[in-house]
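Values below: every heavy atom of this structure, side chains too, minus hydrogens, waters and symmetry copies.
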Amino acid sequence: TSITPSTSKPGETIYYVGEGFNANCITPKKQIKVNVYPTPIISGPANFTVQGCSTSNITNNNNTTLVYSSTPVNITLAQFNSNGGSIPNSGSIGNYNLSYVDAVTGSNPKVVTRTFTISNVCATQITAVQTIIIEDTTAPAIYYIDAVTDQCYVSLTPPTAPDNCAGIITGTTTSPLNYNTEGTYT
């Protein structure tokens, strides 16, 4: 036997069910309490941008303490709150699970979509989305080829430069790198 509450209003409702029946009355009554919980209200942390090259840089600048994870991670309300989220009605929604999962697109910038999900005892799931941008805004060092003088033949080697994300990069030019005719070239 199941009892469907006659109200969707949050709170406790008491029902009485007769355990037996005879010609004169229903006896004795059994009290059943039904709790109806409100839908969770969730507000996600603010979006932010962080300097970096990979998802491991997501915690740079202390904008979040939650590391990148492509699989769901259960967190506490305290962790959620300390990262800027809130569940204003957390005290009245009954038991619940809170988690987050990340998905990344792009290369520079990398855009991380972090989805927070709260699931209550009634299997209601509410989500909030946070966008985190990870980008490399530091340009590579620029190196120039020094002036080269020779009488017959000059072969130039393109300069290389370190980059935060790409490692060592090699300079490019539309000019030739080999010269065997006298003259001044820039």
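Just one of T59, V112, N61 meets the side chain to side chain contact (heavy atoms under 4.5 Å, CB included) condition when paired with V50; it is N61.
Distance alone, capped at 3.5 Å, places no donor-acceptor pair between the T124 side chain and the N120 backbone. Side-chain atoms of R114 do not come within 3.5 Å of backbone N or O of A103 as any donor-acceptor pair. A donor-acceptor distance shorter than 3.5 angstrom exists from the side chain of N83 to the backbone of T65, with no hydrogens or angles considered. Formation of a donor-acceptor pair under 3.5 Å by the N57 side chain with backbone atoms of S54 is found in this model.
The CD atom of Q130 sits 6.0 Å away from the OG1 atom of T64 when rounded to the nearest 0.5 Å. Summarising the geometry, atom CG belonging to D136 is positioned 5.5 Å from atom CG belonging to D163; distances are rounded to the nearest 0.5 Å.
Separation of the F116 and F80 ring centroids falls under the 6.0 Å cut-off.
Counting non-hydrogen atoms of neighbouring residues, nucleotides and ligands closer than 6.0 angstrom, the CG atom of N62 reaches no more than 12 such neighbours. For N178, the CG atom is densely surrounded, since the number of other residues' heavy atoms within 6.0 Å is greater than 12.
Counting heavy atoms from C-beta on, the side chains of P109 and I133 come closer than 4.5 Å. Between N89 and I87, the closest side-chain pair of non-hydrogen atoms falls below 4.5 Å.
Heavy atoms only, all atoms of each residue included: V104 and K110 are closest at CG2-CB, 3.9 Å.
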* To do: Could you give me the CA-CA distance, side-chain angles and deciding distance for S119 and Q125, then say whether side chain to side chain donor-acceptor pair (under 3.5 Å) is met?
  => CA-CA 4 Å; S119 305; Q125 289 190 336; 3.2 Å; yes

